Amino acid sequence: MVITPARQQYLQLKAEQPDAILLFRMGDFYEMFDEDAHTAARVLGITLTSREFGRGGRVPMAGIPYHALNGYLRRFLRAGYRLAICEQLSEPGKRLVERGITRVLSPGTIDDPALLDAGRLNLLLSIVTHGALVGLAWVDVSTGACEYRALPADDSVGLAAFIDQLDPAEIVGPESDDLEIDTRVAIRPITGEWTVDSATRLLTSRFPGCEPIRPAGALAVAVLISYLEHGQPDLLKALEAPLPYQTDGIMVLDRQTRLNLEIDLRSRDRHDLFGLLNRTHTAPGARRLRTLLDRPLLDRNALGRRLDAIEELVGDTPLRSGLAKALSGLLDLERLAARIATGAARASELLALAETLEGAERVRDVLDGRAETALLVELTADIDALPAIRSRIRAELDNGSSRLLRTGIDRRLDLIYAAIDRDRDGIAAMERSERERTGIRTLKVGYNKVFGYYLEITRAHRDKAPDDYIRKQTLTNAERFVTPALKEAESRILANEERAAELEAELYARLVRELGDSVATIRTTAAALATIDALVALATVAVEQRFARPVLDDSTVLHIEGGRHPIVERQLPYGEFVPNDTRLSDDAPVVILTGPNMAGKSTWLRQVALIVFLAQVGSFVPADRARIGLVDRIFTRIGAHDDLANGRSTFMVEMLETATILHHATERSLVVLDEIGRGTSTEDGVAIAGAVVEHLIERVGARTLFATHFRELAEIAADNERVAALQTAIEQRPDGLVFLHAIVPGIAEAAFGLEIARLAGLPTAVIQRAQTSFGKTTRAIPTVAAKTTSAADVVRERIADDVLAVDLANTTPLAALNLLAEWQQRLRAATEEPIGPRALLVAEDQRAAQAD
Amino acid sequence: MAIRVLPPPLVQRIAAGEVITQPRAAVRELIDNALDAGSTRVEVEIAAGGYNLIVVHDNGHGIAADDGDLLFARHATSKLASADGLDAVTTLGFRGEALASLATIGEVEISTRHSNEQVGFRITSGGARSPIARQAGTTVTVRQLFSRYPVRREAATPVTEARAIRRVLTHLALIHPEIGWVLRIDGRVALLTTGGGLRDVIATLEGDRSRHLLEVGPLEVDGACIRGLADGPNPASGRGDGIVLSVNGRLCDVPEIRRAIARAYADVLPRQRTPRVILTIEVDPARVDANVHPAKERVAIRDVAAITGPLVDELRAMLGRTAHSVSGQRSLALDLGRLTGMGVAEDRSPYHADGWQTRDIPAGSLPALRVVGQIADTLIVCESEIGTLLIDQHRAHERVIYERLLAGESVEADEPARIAIPPRLVSALEACAIDAQQAGWRWSEFGLDDVLVTATPPEMDPGDLPDVLAQLATEPKHDIAAATACHAALRKRRPLSPTTAVALVKALTQTQTPATCPHGQPIILNLDRDFLERQFGWR
């Protein structure tokens with residue numbers, strides 16, 4: 001087999017980036033070969049074919065058209081692949097086209113706005129083990145913001161939870177490490193040698209003013225830098241000095257709790273807290289809001305500053321709506337700043353920068369002299385609308401003509417353009433001069449993309465063409481020619497255009513470089529705008545959803561009046577969400593809540609946790625009034641879910657989660673338990689749940705909300721004055737149960753399991769069987785069962801009356817048949833469609849679906 | 001008071017036949033109920049102007065479960081027991097017709113819970129009823145209003161209705177500032193107040209532009225109490241909602257009081273200019289007849305003169321208390337500027353007729369005219385038998401050129417001209433290539449950035465092509481002929497010689513459609529007799 005030059009070129013380029021899929025530009029397609037072709041066919045769903053490189057050298061191939069590149073890139077990146085894009089660097093001719101890798105992309109190293117999700121951080125994470133520690137460093141290359149942290153290596157659960165919270169798009173780690181961490185994105189092993197010494201040296205040279213970083217963190221940052229250097233060294237120019245991840249003053253919230261409370265499901269289709277609060281007008285604002293939700297605070301002063309600002313925005317409608325108007329339409333200043341730092345910014349991006357800085361000025365004008373609270377005043381001062389930069393961009397970039405830079409910026413460039421103009425005019429003028437010279441009145445000059453400029457003579461005059469005319473193309477009724485003079489002018493134009501392009505690129509690069517001096521200021525302005533946007537969003541939601549400012553203090557009190565679940569409330573029709581109070585204090589920090597399924601237990605538990613969470617984000621809360629002693633951590637154990645992937649049963653998951661709570665909860669924590677001990681036998685369940693509650697009361701003293709079916713647990717409350725027993729209010733009526741969704745003192749009488757099973761449409765035979773056999777051993781069901789005269793029974797009775805009322809002597813067989821048909825129909829309808837309670841059930845289903 | 005059916009004689013006394021003719025009326029009736037229930041918050045949501053959906057949600061005392069079955073019965077109300085009651089209505093609703101009427105013209109669902117009861121209920125106009133858990137208060141949902149009355153549905157477009165409903169809510173928010181109001185139109189919050197003083201609410205609704213309003217009252221007179229906010233003698237701008245009145249909490253018009261306000265402002269404001277006045281009037285219910293208008297939009301107050309006299313005095317005193325800074329020089333030109341949307345008054349040369357002799361132009365598509373002069377270097381003034389005409393010189397010229405272009409006039413260039421086309425205009429160039437022939441342009445492709453222009457419309461230069469394309473790019477709905485005409489036409493703020501003006505007007509009278517420019521904008525404003533009479537108040 002002969003290796004053709006093209007194949008050889010491919011293999012060489014592939015060797016430069018062996019772990020990337022190589023997209024090899026051939027004409028109008030990007031082709032992938034060998035293993036890459038198989039991968040592409042699988043991931044992108046494109047056809048796998050093959051191509052012959054010389055005799056016998058057939059290899060698998062798959063290709064994508066050049067104009068659809070971005071769409072396919074997005075799919076590759078979402079699937080986690082690293083990509084190298086190879087372009088043709090010379091014009092196609094007789095010889096082999098020169099090719100080279102122009103871009104390397106991976107999920108965590110995207111800076112092209114076209115490939116990014118505007119409202120989300122896109123993080124590249126590195127993980128390095130160093131003794132008993134694991135160093136983590138992460139960067140969003142689209143903004144350049146970088147942070148690092150070290151965690152103990154033996155806490156793989158904690159590590160996994162933290163990584164999950166970061167939600168990185170890509171993870172890299174030294175090949176030599178073999179960490180067993182459960183991450184959603186596989187760790188990409190990279191080769192290299194990193195020592196603490198070399199890492200520290202690298203960091204001090206790159207970030208001279210930066211505080212010294214401890215070994216684990218330094219190694220992680222060094223790995224991050226090596227990875228970027230290997231593929232996209234330009235991105236490093238935007239890299240900001242790494243900052244230690246702030247854990248002081250930040251409330252920890254584990255992954256399961258975030259999911260249980262539906263804080264940020266990172267999904268467009270599902271309702272979550274982020275979706276409710278995201279009334280931001282800019283992409284950086286949306287990202288800032290996400291960060292606020294990611295990092296609830298423990299510091300009362302910091303929270304007070306946020307709440308003050310929001311209170312001012314809530315109270316001053318003209319200020320709030322003025323800011324909303326000024327913010328809308330602003331572009332992503334954070335990412336623009338990074339594009340300028342890396343030098344990748346296109347002219348359109350610079351013009352966008354100028355426009356957005358003008359917008360920043362409008363935002364400042366709205367705030368200036370009006371905003372009074374400390375945080376807003378500080379943010380206002382942070383905005384620098386950089387008028388000099390704006391006018392420089394506007395002065396140099398030509399936003400209208402075919403030229404990149406305006407006339408008058410550079411004399412050499414103007415001269416080249418003048419020469420191009422002269423030559424083009426010269427060619428245009430040839431129409432007249434050549435007509436005169438040849439005497440052919442129909443002679444025309446023209447241009448087409450393949451042959452360039454030409455002179456065209458109709459067929460009739462073909463013989464009059466002078467000797468210096470060189471034939472280029474024959475059409476049906478015309479001939480096209482070039483002359484030496486025309487050719488000369490054309491090649492001068494081409495050469496000048498090339499010179500102009502080079503010079504322009506140079507001048508443009510200089511402009512971008514000089515703008516780079518202002519990147520730090522732009523970033524400060526961008527950060528201020530993002531925070532303002534997030535605060536305005538929180539204030540807007542507070543006004544529209546009637547949130548109230550919580551009172552925060554250092555007590556362990558939790559008093560909520562008229563608390564609501566903000567997401568469930570939005571899903572229900574007007575007025576149908578029933579608000580509830582919550583009162584936990586030092587004396588009675590524990591609540592045991594009993595009540596049947598679907599009566600609103602879970603909603604209440606989550607709503608209390610969400611209100612505390614929102615308060616510590618610094619937001620107003622969905623309640624009439626709230627006083628909250630700051631919480632150091634919110635623990636939740638809600639719902640049943642197996643972890644089949646790890647071979648854990650529902651019960652095992654329950655117990656693991658409960659163990660975490662018992663180990664980590666303090667007297668400042670908020671613990672929310674929804675049903676524990678359900679995944680095992682009733683006896684064991686009650687025993688375990690009882691012991692857990694006792695431990696929480698006696699040893700931990702955390703504010704605890706415990707919902708359970710086990711009546712026995714609620715009876716603990718009777719014996720312990722530190723526990724309050726609450727139940728969900730239910731009204732029993734002749735036509736069924738009504739769940740009032742009100743939380744009231746007391747212990748629920750019954751679980752109403754059978755009633756609910758019946759409402760849910762369990763076959764009547766099963767229900768009856770349950771009532772007769774199981775009912776003997778279980779309390780409370782008979783009282784309910786006795787009252788359940790179903791709609792079907794009523795219909796049956798009425799039909800019986802009708803049958804008796806028929807006068808058989810005066811009924812024809814046909815009429816009798818019709819009557820029979822009608823009765824049959826009524827009976828069917830009655831058994832299939834229980835009336836009354838069914839409607840309730842539907843509403844309940846929705847509520848339950850929300851809550852789960 | 002429980003709901004009961006009104007005795008027949010009372011039924012006959014009640015004026016209205018058909019109560020609800022438009023969604024806005026339904027919204028008003030339902031809001032009246034919400035206010036009668038002592039609500040402190042009222043939320044309204046509409047979709048498609050209320051034709052598809054109206055929700056009125058309140059936090060009032062709700063409806064007792066025992067009253068549920070009579071909700072949709074006609075002339076059933078909890079608010080009026082006998083004919084005596086009608087003489088002193090203290091509630092906004094009283095006829096017992098709103099829900100009954102709504103139930104006949106749409107699908108109504110009521111979800112409610114009385115504050116004294118634990119369980120609420122939901123009932124539909126179809127008769128289904130079920131118990132539910134909910135907050136105290138009432139939510140009325142009306143779907144498919146007028147779906148069986150297609151004529152009514154066409155009476156007003158959803159947009160018009162939405163605007164009207166928003167106006168009603170705005171006025172209600174002003175006369176009941178203590179209540180929190182929310183209006184959602186097609187899912188978006190269109191109005192939101194949180195309850196407070198009138199000044200807070202007006203700042204929320206209108207921002208700083210209503211800051212200058214002055215306090216009126218409280219004025220106690222003849223058993224009535226009047227208070228509110230009103231314009232000073234020098235109102236900020238013509239915009240605003242005019243006079244908003246309420247009597248005993250009902251948003252309504254009292255023509256006598258409206259006239260009294262006009263009287264008070266007569267010598268401070270230009271005539272025909274309505275002042276901004278928001279007044280709430282509390283008066284003995286026995287003196288009020290709210291039943292004079294089917295939609296309760298107007299009320300009559302017995303012995304109203306006893307109130308209006310002191311009100312005029314109070315307003316005059318208030319106006320006198322503030323510095324009287326009204327300028328007597330509100331020129332007609334300024335108002336015209338507002339009327340036509342052109343900042344004419346900003347111009348330095350408002351009028352010149354030096355050297356102009358009146359010139360007659362015979363009738364064409366316009367009546368016979370006499371050109372008199374030019375205003376603001378922008379408008380040509382003409383007299384005619386139908387009135388004084390102001391002609392926008394730019395648009396007039398545009399029309400003239402446009403019709404010539406459509407006639408197919410084209411001028412061959414002596415020599416093809418090479419014109420560079422900026423890349424952003426290439427798509428405009430390609431899009432209009434076919435129309436261009438029609439409009440007198442001819443060009444061929446010439447190199448990457450260039451075209452070779454071989455023919456142009458009359459009076460155009462090949463070099464105008466990029467500008468025409470740029471113009472075209474900003475108004476994709478129009479064709480290249482319109483863009484060319486616009487570019488070629490005389491600009492605003494150009495002084496014209498009398499000869500030019502006359503030639504232009506003459507040409508305009510020769511066009512087919514002299515009244516509208518190719519972009520569909522008016523060319524001529526006619527200050528006819530009627531207009532002048534209205535503006536000067538001669539009538």
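Keep in mind that the numbers below use all heavy atoms, side chains included, and drop hydrogens, waters and symmetry copies. Fair warning: this is a prediction, and the values are worked out from it, not measured in the lab.
Chain B forms the most heavy-atom pairs under 4.5 Å with one residue out of A/R370, A/R320, A/K444, A/E490, and that residue is A/R370.
Listed here is the closest heavy atom pair of B/R134 and A/G575: CB-O, 3.2 Å. Here the closest heavy-atom approach between residue B/S111 and residue A/E576 is recorded as OG-OE2, 3.5 Å. The shortest heavy-atom contact between A/A428 and B/L452 is CB-CD1, 3.9 Å. Looking at every heavy atom in both residues, A/P318 comes nearest to B/A203 through CG-O, 3.6 Å. A pairwise comparison of heavy atoms in A/Y574 and B/T139 identifies O-OG1, 3.3 Å as the closest pair. When all heavy atoms of A/V738 and B/A133 are compared, the pair lying nearest together is CG1-N, 4.2 Å.
Taking CZ from A/R546 and CD from B/E43, the interatomic distance works out to 6.0 Å, rounded to the nearest 0.5 Å. Put simply, CZ on B/R418 and CD on A/E431 are 14.0 Å apart, with the number rounded to the nearest 0.5 Å.
Shown here is A/E498, whose CD atom has no more than 12 heavy atoms of other residues, nucleotides or ligands within 6.0 Å. Heavy atoms from other residues, nucleotides or ligands lying under 6.0 Å from CZ of A/R549 number more than 12. No more than 12 heavy atoms of other residues, nucleotides or ligands sit less than 6.0 Å from atom CZ of B/R143. Residue A/R432 qualifies as open at atom CZ: its count of foreign heavy atoms under 6.0 Å is 12 or below.
Residue contact with chain B, scored on non-hydrogen atoms closer than 4.5 Å, is absent for A/N448. B/R113 does not touch chain A: none of its heavy atoms, backbone or side chain, sits under 4.5 Å away. If you measure heavy-atom distances from A/V314 to chain B, you find no contacts under 4.5 Å at all. Using a 4.5 Å cut-off between heavy atoms, A/A429 touches chain B through backbone and side chain atoms alike. Contact of A/E544 with chain B is made through backbone and side chain together, with heavy-atom distances under 4.5 Å. With a threshold of 4.5 angstrom between heavy atoms, B/V182 does not approach chain A through any atom at all.
Listed by chain and number, the residues in a side chain to side chain donor-acceptor pair (under 3.5 Å) with B/D200 amount to none (sequence neighbours excluded).
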